[in-house]
Amino acid sequence: MLELKQVWKSYRVGALGSKRLVAVRDVSIDIAPGEVLSVVGESGSGKTTVGKMVLQLTSVTRGSILLDGVDVTAKGHYERKVYYRKVQGVFQDPFSSYNPIFKADRVFDTVRESYFPQLKRAEWTAKVDDVLQSVRLDPGSVLGKYPHQLSGGQLQRMLIARALLLDIQVLVADEIISMLDASTRIDVLNLLGELRERGLGVLFITHDLSLANYISERVVIMRHGAVVEMGATGKVFTDPQHPYSRNLIASVPQLHRKWSDDPQTPEELEPDGDREVDPSPLTEVSENHWVAAHP
Amino acid sequence: MSAEVVLQTEVVGRRNEHLYFALRNPKVAIGLGIVLALLVLGLVGPFFLSDSPNEYVGPKSEAPSGEYWLGTTYFGQDVFTQFVHGLRSSYLVGALGGGISFVIGLAIGFAAGYRGGMVDEILNMITNVVLVLPALAVLIVISSYLEVRGVVTQAVIIGIFSWPWVARAVRAQTFTLRNRDYVDLARLTGKRAPQIIMREIMPNMASYLLMSVILLFGGAILFAAMLDFIGLGPTNAVSLGTMMQQSMAWSSLHLGMWWWFVPPGLAITLIVGALYITNVGLDEVFNPKLREM
Amino acid sequence: MTLEVEDLQVHYRTMKGDVRALDGVSFSLADGEIVGLAGESGCGKTTLGKSLIRLDGRMQHVGGKAVLDGAELPIGDDRAMNTHRWKEVSIIPQYSMSALNPTRKIGKMIAELLRSRGKSYREIKGELVHRLELVGLSEKVLDNYPIELSGGMKQRVVMVLSTLLDPSLLIADEVTSALDVTNQKAVAETLVRFRDMGFVKSMIVVTHDLSLVYQIADTIMIMYAGRIVEKAPAETIIKAPKHPYTKALIGALPEVGLEHGDERLQSIPGKPPQLLNPPTGCRFRDRCPLASDECAEEPPVVAVDAGHEVSCWKAED
Amino acid sequence: AGCSDDNASEDPSDLSMNEFPRNQTLYSTGTAWGPPADWNTINPGESTGLNGLGYETLFLFDPQTTELTPWLAESGEWTEELVYTLKLRPGIKWSDGEDLTADDVKYTAELGQIEAVPYHNIWDWLSAVEVVDDLTVAFTFTEARHQEWNNFLWAEQIVPEHVLSKLSEEEILTGANENPVVSGPYEIHSYDQDRLAWVKRDDWWATEALGLEVAPTFIVDIVNTSNEVTLNLMAQGELDISNNFLPGIQDLIASNPDLSTYYDEAPYMLSANTAMLIPNTTIEPLDDPEFRRAMAFAIDSGKIVDSVYSGIVAAANPTGLLPIWDKYLDQTVIGEVGFSFSTSEAASILAAAGYEDADGDGFVETKNGDPIAFKLNVPTGWTDWEEAARSMATDLRAAGINVTEEFLDAGAVDDARTTGDFQLMLNNWSGTSHTPWTHYRYLFQLPVIDTQSTANFSRWTNEAAWTLTEELAATPAEDPRYQEILSELQRHALVDMPAIPIWYNGAWSQVNNSVWTNWPSDSGGGPQVFPSMWNSLWNMGAIYMLTELKLAE
Amino acid sequence: MGRYFRRKLLIYGLTFFIAVSINFAVPRLMPGDPVARMLTRNSVSNLESSEAMRGYFNDIFGLDVPLWKQYLNYWVALFQGDLGVSVFAFPAPVSSVVADALPYTLALLLPSILLSWIVGNAMGAMAARNKFLDNGALPIGYVLTAVPYMWLAILLAWVGGIILGWFPVAGGYSFALTPAFTWTFIVDLVHHWVLPFLSLFLVALGGWAIGMRNLVIYELESDYANYLQALGAPNRLVRRYAFRNAVLPQVTGLALQLGVVVGGALVTEVVFAYPGLGSLLLNAVSNQDFFLLQGILLFIVIGVLVFNFLADIVYVLIDPRTRLGLEGGQS
Ligand SMILES: Nc1ncnc2c1ncn2[C@@H]1O[C@H](COP(=O)(O)OP(=O)(O)OP(=O)(O)O)[C@@H](O)[C@H]1O
Ligand SMILES: Nc1ncnc2c1ncn2[C@@H]1O[C@H](COP(=O)(O)OP(=O)(O)OP(=O)(O)O)[C@@H](O)[C@H]1O
Ligand SMILES: [Mg+2]
Ligand SMILES: [Mg+2]
Ligand code: NI
């Protein structure tokens, strides 16, 4: 359904845009309906950038992004507005996703303004109530409140509800639970699971491997802007092939195993080289499991 | 219905939190009090006093008395009437000059901060250029070429040259705000840039903008007074600056007519000082750190 | 016994009244022990850490005491506390990235700091360099400005600096939260190494990440709404928690390497109570699946096992 | 402050001098409006005393008698109908030791052949200058314009041929003429941005020839600063004389016994020129003499004298002629067609001339019924004029003529006056001179051209009056025809009202008696000369002020 | 660091270019005619002469060539240090008129800017640590910053000059003196300088003090200050660091404030008839001396730019962050 084909992104940095920073290199991934695809990787590996490109919040330097086979990049305002009916996003920080000086339910109003201006008040209210129910929020307890009066979990769920107002096909979820408390994050995570059942594709961006493991069928591991390993979650996490993936998984603190139980020295990795060149190609090591070439 | 009421009060509670602190802050209260009192005097005064502040109404060079509250000028004009009219034009210059520079600064700051990239580079350059131009000198030069100078033209040229620091500050703020998630969210709702700036970014800088307006207002008044004083003030109106200029021109210092030159300067000092104090108070309201002190 | 905290009460003064961030916290800490302090956001972890070294302007020491190595810490007295800081109690702050004066070379700053505490930089320099090398930094960083170092390097410098005078107690507040997994691990292991090498006697590691604290702590304390609800050796807390809150917390943690399949984890419903006017009795009552009438009373602290204390009416079950 | 250094080296005896002894120095101000920067006689800058202290004229003009007295010249007379013969005093030396001779006089007059020299127009009727001997010059004319020639004799300074003839024309016209070689009692000592110091010459001719000796060794003239500063310096005796308008001086005189003015009561000052309201007569209804007459009646000049000037000026005579010409006033004419302040009279003149207030806004309209709204322009920053303009506009409005004051930048006022792009303005360029002819030239000069730069700003055409004015130029004052012409001109001026005289600006002068005394004064036996340092007044006798000054005990 | 300076130089270059161009354009676009002004000043009464004279002046002022050529000539002349001829002080060249006034203005500006900066910062830093001072000194600070320069000057002149009579209220030195390197003269010079200096100094003082106070408070709240205190560093050390870091923005502020102080100096000089650029500017304005006006403006702009540049250098020297080429505002 949503497909990224050899997508590159470079940012201009420095005075008068004199330098370039390649943040995403030759990334090709796709999301099917009813699938949660996790993107994991260290800080700065380009995860957010991928999400932003999908959401067209930043331009694609090279490559293309297709929705149902149609290239959606670099279109005008109108096309973009149509695109946003199908693809929506939720971001990391629930509190900064809301304009702190307005009531939280303003996020719904802006959707109405843009997409349903002709809808009657009552119809709209019913619709909002509907989606709120579907994210298991009690309309009475969240409407008309300021963001700081609501919990992070409620806020994130409201944002998901907002996306749902627009019969979307793809949801980009960028670290949507990393700011939440352990006690509430699981709720939101479970909600994503439910969406998947409704046939939605979710691009789930996280640096927390355990969350990816919990929620997704497929996982993409990124490093230095490129994909190093990709495949079915079970395969990647139980049998990581790339040394970077192995390091990553070994570092995750777990409750059933202490680091001290089997002290591992992290494997040496090749440093971040020239970012302008194509990254090592992916090879399929087993069914639905690709790994980038490494020494 | 009752739930409604509960929500309402909560909302009000939040809205009013800053107001609550603002009103409890002595600096804000004193500052605003002075500014408003003088404003009211300037607005209402002329209705009770003569329309023409330059009329010779009384004996010449009289010290303040019950009849002429601030005495009379060398020609027998009522200083108080002039003072009240002067207040009016000072506020006008402040509001208009401050307003214009605010709008320009806002526009440039937002454009630079929101668009970034080349637009930012260029606008930033312009801002820096205007910033280092010595404003008063430039204003003097420009004013001196105007044949007729009114309060309004004066305010306009002051406005045109005092925006850079606002633009700078707005730009910096916009830089941080434009990367906020809610801005992205607004874009995801298909909003255009001007809408996003107006509806998402600007309200969040409200406290900051309020303070900028205050400073610009005071700055414009001071600038205008300086121009007036060197004889580049409005050619046909009374302002606090021209009062000072007149009092100097007619040797009030030497004739001991302190009532002629003290009130206008004092009023400017009061207005601007009160504005600054309000500003500091507001700063404390918005920045709890300073409230600690 | 290194540290003995007894009924510590610390409040924040606000316009609306006192926020009882620590409302009767008691625990003790043995030599060489690493205690992990975990709990939901806002439960008072940071407040506890700060209380033991430096109260900020709004914090008020209301009651209770802390005894370190047999001497009472003058918690409420900023001046008196100064002699204890760094030498006996030290802290690695959460904000290590910005904890160094940006306009001083690191070596110079450390020298000035030492001098101000009556120590000779020259005497200590050897040890300093040694420790820096231990965490993988060369002596050259002393000639650098903080801005010239990466975030990880700054963090390590701060770790070395904070423990330079071999304090008895080190408080590490969320030192790993901002890091990604690989760095997280390195930092956590360094903390353990410092303890092992005797740079610090004992340590309180504050975090909200239970699985991380499990990796390094000997004992784990779970806080809830300004109180400690359970304290036990790390293994016990994870494997056999007694308090319903602890259980719920652990139950909500997804994990790598486990097949979750279609089985869903459960969250804790509701929110922690406001600390402005905390409810009486058990504070977890409203969210607790086991709550009953007796929970309206303050639960006693029960020692269910050696070193395992729980504050819950249902602990015995 | 470096400029003075280059000059000081000139006179070795003064090299070490860096403090002027108070009792040898006269401090003055009020004349220069800018830094002394040049000593060019053709295009004089702001250097007080250039014409008077430094350079000198052939004759002095005595305003008391309105006659010329010989100065550099020993005598001069019309030896033939068209020939004027002039004899110089013997023994006059330039400051560089050269003799001042007939060649210098000839050279000076012939300088006027350069078009850009202001007195170039004498060559319209002068045909030749001839050196008869060292001290005698003969001027031959094509037309004997007595009054205009007299003007040359007492107004134009004689310059040294041996210095100037070495210079290019451009340098003569616009050069700085540094280190001027002079004939007068003083030469330049030093100068800076804000001051100019003169030092007394030892060998001034008049000491021997006339027994005159200037009292101060040094004259330090201070460039005009603010009134405040001047007043302060005056009151403290740091300044001896100030020749600028100083509001409040009458109060200070009353309280400070050291201060005095020419008269010890109002108007305190001698009159120097006439401030007049100039209507632009190319605009309806200002083209109507009756309308202008109504305006004349409407304005209360007494109020301006009292309120704006606090009595230190005098109201103008309706003819606009300065008090020195009082003897030429024709009272019958004034009685018949003169005017005086009367709002009601103004109103009835308006009504009689057909100007009515039809729309009831309190202001009359033109005869076509168009509304009238005039602006009265004065330069902004000229505070006394601003106040006067306010007062006049108020008076005019009271009489039903809608006039508002408008203060323009001084340059804009100049432009407007020259180009005629104005409605009403104030001007005072008719000043003290040896003959009312200058006044009538100011009023009636023809033809009216696009740019009027010095006269007839109201652009009023009255051929008869101009012919009379030209006749006046050629008539000697002794001729009985002289008074006849003047009477007729007075009538023309009052009937036509091309400009409305309001008040006489003073020859501002306030002096402090604590160091120097015996200042010119109307009473107490002081010399009756202009107590002024203005460049144009030295040769009207103000130079005697310096010779009469005495040190106070 | 190189890039930092290149960038700054670019901005200064551009500012200079724009200022010069404005400078060139303004008098030529605005109404008014300097030559007519010259002629009026000399009140040449006969028409023929004045027309002839106009030719000379047009030539001298360079107004007799097409506009674009005037513009080029203007630049060429500028680089030869030739700013044209003053109308008001004709025929003195503008550059020498300005150069004569410049020392006075510098003598007022430099000490008042630097001293007010130093003293103000010291006061602000003290106020930040002392509640008593904070409550007592700062209100005075607010009032001082709000005072219009000329009003303070007037009050000082009134009290110090007229009522008390302690100081002269006009001129750069006594009219009884001619410049010389003697004690009498120097004392006299200083005597005349005190009041104008004070009026500039006092107004600027308050602003610095308030700014410094706030900055120090922010610094004292910063992470590094907290960390130092947690390690038991004495307040002395923490404050020293806070002060050092708070001074940095004040250095930039100094450069930015310059334009305002220059403006203040202009009006102050007017009040005290101080023979600096301010009085000159006023004279140029009232005499429509475009050329002098341009020259003064140019000097001021150049002065401000140079000062800004110096401030930049100082900033780089004391702030390692800029020295390492890391500018703020870049992601
Ligand atoms: N707007 C931008 N301008 C310039 N560089 C950027 C911009 N946004 C991101 N980058 C750079 O691109 C690289 C990838 O950033 P990105 O935010 O995609 O990483 P990430 O994987 O999401 O990291 P994190 O886990 O910290 O969120 C980083 O080096 C970052 O500094
Ligand atoms: N400066 C303050 N003023 C008022 N209340 C405060 C302040 N700082 C903290 N609190 C309150 O004190 C309580 C405990 O805060 P604390 O920072 O210790 O929590 P924490 O456990 O460290 O949370 P987190 O995991 O979010 O860091 C919270 O309820 C918080 O709202
Ligand atoms: Mg990211
Ligand atoms: Mg915390
Ligand atoms: Ni000099």
Side-chain angles (χ1 to χ4, degrees), chain B residues 125-126 128-147 165 171-172 175 179 218-219 221-223 225-226 229-232 240-241 244-245 247-248 253-254 256 258 261-262 264-266 268-277 280 283 287 289-290 292-293, chain E residues 10-12 14-15 18-19 22-23 26-27 29-32 128 131 134 138-139 142-143 145-152 154-155 157-158 162 210 214 217-218 221 255-256 258-260 262-264 266-267 270-271 281-282 284-286 288 293-294 296-297 300-301 303-305 308 329 331:
Chain B
M125 190 85 83
I126 295 176
N128 281 328
V129 166
V130 182
L131 197 65
V132 293
L133 281 180
L136 187 74
V138 175
L139 291 188
I140 289 175
V141 172
I142 292 183
S143 302
S144 66
Y145 291 119
L146 297 179
E147 289 194 3
W165 67 265
R171 167 180 173 269
F175 255 133
N179 290 323
I221 291 180
L222 278 183
F223 255 139
M226 289 209 232
F229 183 74
I230 49 182
L232 294 171
L240 295 177
M244 274 191 270
Q245 186 225 353
S247 74
M248 284 291 102
L253 264 194
H254 210 83
W258 54 266
F261 62 84
V262 170
L266 190 63
I268 293 176
T269 308
L270 273 179
I271 296 174
V272 179
L275 284 172
Y276 287 173
I277 290 181
V280 173
D283 208 10
N287 289 321
K289 273 183 187 176
L290 290 173
E292 283 291 297
M293 280 301 292
Chain E
L10 182 66
I11 287 178
Y12 292 143
L14 204 70
T15 313
I18 291 176
I22 292 180
N23 222 346
V26 168
L29 297 181
M30 300 285 179
K131 220 178 163 75
D134 198 32
L138 279 179
Y142 299 134
V143 172
T145 33
V147 180
Y149 282 99
M150 63 278 182
W151 192 59
L152 187 61
I154 291 173
L155 291 188
W158 185 40
I162 290 171
I210 293 171
N214 291 348
I217 288 176
Y218 275 112
E221 291 282 334
L256 293 184
L258 198 68
V260 180
V262 168
L266 300 185
V267 286
V270 171
V271 173
L281 186 67
L282 188 71
V285 166
S286 55
Q288 290 225 304
L293 208 56
Q294 289 177 336
I296 297 171
L297 186 66
I300 294 177
V301 168
V304 170
L305 288 183
N308 264 282
S331 35

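Convention: sequence-line order gives letters A, B, ...; per-chain numbering from 1. All heavy atoms count here, side chains included; hydrogens, waters and symmetry mates do not.
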Check whether [X] gets within reach of chain B through its side chain, its backbone, both or neither, counting any heavy atom under 4.5 Å.
X	value
E/Y142	both
E/L152	neither
E/V304	side chain
E/L305	side chain
E/V270	side chain

Correct closest heavy-atom pair for E/I154 and B/F261 would be CG2-CD1, 3.6 Å
Write down the atom of B/G273, the atom of E/A146, and the distance for their closest heavy-atom approach. N-CB, 3.0 Å
Is it the backbone or the side chain of [X] that comes under 4.5 Å from a heavy atom of chain E, or both, or neither?
X	answer
B/M226	both
B/F229	side chain
B/L275	neither
B/L222	side chain

Residue pair B/T269, E/W151: steps toward the side-chain contact (heavy atoms from CB on, under 4.5 Å) verdict: CA-CA 9 Å; B/T269 308; E/W151 192 59; 3.4 Å; yes
Counting heavy-atom pairs under 4.5 angstrom with chain B, the leader among E/V262, E/I296, E/L281, E/V143 is E/L281
Has B/W258 got a side-chain atom pairing as donor or acceptor with E/L155's backbone, closer than 3.5 angstrom? no
Considering only heavy atoms and a distance below 4.5 Å, find which of B/V262, B/I221, B/I126 pairs most often with chain E. B/V262
